[in-house]
J.: 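Pasting a structure here, questions to come.
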Amino acid sequence: MKLSGAEIVIRQLEAHGVTTVFGYPGGAVLTLYDELYKASDRIHHVLTAHEQGAAHAADGYARVTGKTGVVIATSGPGATNLVTGIANAYLDSVPMVAITGNVAVPMLGRDSFQEVNIAGITNSIVKHNYVVRDIEELEETLREAFYIASSGRCGPVLVDIPKNIQSEKCEYAGKSPIPATNTPCVFDIAEIADIIARSERPLIYAGGGVIASGAQDKLLELSEKLAAPVGLSLMGLGALSSDYPLNLGLKGMHGGYASNMAAAECDLLIAAGTRFSDRATGDVGEYEKSKTIIHIDIDNAEISKNVSSNIEICGDVKDVLTQLIPKVQAKSHEKWTTRITELVKEQKKQEQGYAVPEAFSPKNIIEAVCNNFDEDTVVATDVGQHQMWTAQYYKLRKPRTLLTSGGLGAMGYGLGAAIGGCFARNKGRTVLITGDGSFGMNLNELATAVTNKLPIVIIILNNQTLGLPYQWQSMFYEQRYSQSIMNRKTDFAALAQAFGARGHRIENLKSLKEVLENLSDGIPTVIDCPIGGDELVLPMIPPGGSIKDMVVGG
Amino acid sequence: MEKFTVELLVENKYGVLNRITALYAKRGYNIDSLYVHATEDASLSRMLITSTGDDYIRIQMVKQISKLYDVRQVILMTEVKIKI
């Protein structure tokens, strides 16, 4: 059967179970959009306000569903607008296929209208990319693209399809997707069981790999069996319920006192599905001191890249833990358990110092928001102070419920991601916690949320500053607030209404609760919450510092 | 810091050399010498890349290059092997 390139794309999307795509049309993808029009009963295309929003939406959709997110953009500016979204998916290992149009093959390399070499531009932020110069290669290229995006350590793959390739025809084989390979990891289980048996103060450090591999139950099982507390990376949040007593929560620069102290005091660190980001370790020399490190990760290049480990296990976390757990002895270590209880108690005491009861403070606002929604509600964040407060105080109970830009730290991620997350939940209630700075970056996507009747609740922690730069300038630059005080006059409630959304400005917890209890369906609601400009994210381990440098404050 | 050479077997197509040299550039490692030739199998090329670095750099480069989809095989050459 002969099909056009555009028809082959649609067939391949369907073959890979794609039902929702995000994108923005343009000259070089009109042939593809013509086929999308014809396939609109099978594939729902979500038109965003900007390609960056579409890329973040595909990312949010992928994080919630675990499926590969798909974003489509035209050549030139359409393609370059995807770059931040692709980089974000790359750094947080999110499976994504980005399809771009390009000028016709004979026009490539001539600086034609709306031509960029997007494959060259994205080389260092994709797992792999393709320029399809021959229609005969299109089917196989798309199969490989989906396979690469979702296999091993997940990530983005870009497929650039010149305009003539979309309309040319060739024989379509109709092959099914490349099956995932699951070779069990081979490692010295007895040696590791022995190291674990000898340890007196074990700590598990879990990252996004646990969620990506669906190993959350195994993580809980290991922690219970070893009576080992667990610290989480930002990407690992949700891997364990925050109700679980041994879950110490976020570890790292703005992690809790207990998890960071435990990391400094443990004699064995079992790191699972994490890459030891500098934000999680601080001073690596101090971090590695006086402990044995077992590092489990699916990406061999991450092992001993940032932190040198004593035991290296390259494999899927779920597979490794499944093999390991039956072979380790159950442990109890009263002194360590007592110490952890002390640390948690100390952390609770510190946290009380960060917020006066009933004050309209970040902690109280986030807790009020959290208490209003069930455990399946997806919460997205942007990047900055509000993101760290959310990581600290929003009680996540299930994996794949937090959408946050971890590795790239991209302000402007949140609204697009929330839109993707909302579609992944069949347009169910979705929360975005953002700041006035981040929201200002991509608030154009409010139009998308309104058009699609998405019941996204947008909480703006509005401190009139760029909070994290402000905090750093306050702590490390002798209060020289260079360009971090915005003092904008934006009326976010009126702005929301102008977009066709609901908008409120709220100044106390009681009114916040009232608004949250009376949300409308089928429409986004923006809640502008003015907070003090001098609120700090605490505790904090300064960049490159160690536990000794922790600023607790309060 | 010592010289080290990696021998690669890669897909013989455009853009592959770019992906590999970009990995060196990303970490700021200069390439001291580069040798590329087609092999008896027309779909594959062989590369020899010499650079300078310590154990950490050598291992990282081999691991990072191994992740590229156009790369079929990576061998970290030893001094002795190069002399042969």
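Labels below follow one simple rule: chain letters A, B, ... track the order of the sequence lines, proteins then strands, and each chain is numbered from 1. Since the structure is predicted, the reported quantities are computational estimates derived from the model, not experimental observations.
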J.: Name, in order of residue number, those residues of residues 128-145 of chain A that have a heavy atom at a distance of less than 4.5 Å from a heavy atom in chain B; otherwise write 'none'.
T.: A:H128, A:N129, A:V131, A:R133
J.: Do the side chains of B:K67 and A:D299 get close enough for a salt bridge, i.e. N-O under 4.0 angstrom?
T.: yes
J.: How far apart are the closest heavy atoms of B:R19 and A:N123, and which atoms are they?
T.: NH1-OD1, 3.2 Å
J.: Is B:K63 reaching over with its side chain to a backbone N or O of A:I303, donor-acceptor style, under 3.5 angstrom?
T.: yes
J.: Are there over 12 heavy-atom neighbours, none belonging to A:K318, within less than 6.0 Å of that residue's NZ?
T.: no
J.: For B:Q60 versus A:A301, what's the shortest heavy-atom pair and its separation?
T.: NE2-O, 3.0 Å
J.: Report, as yes or no, whether the 6.0 Å neighbourhood of atom CG on B:D41 holds more than 12 heavy atoms from other residues, nucleotides or ligands.
T.: yes
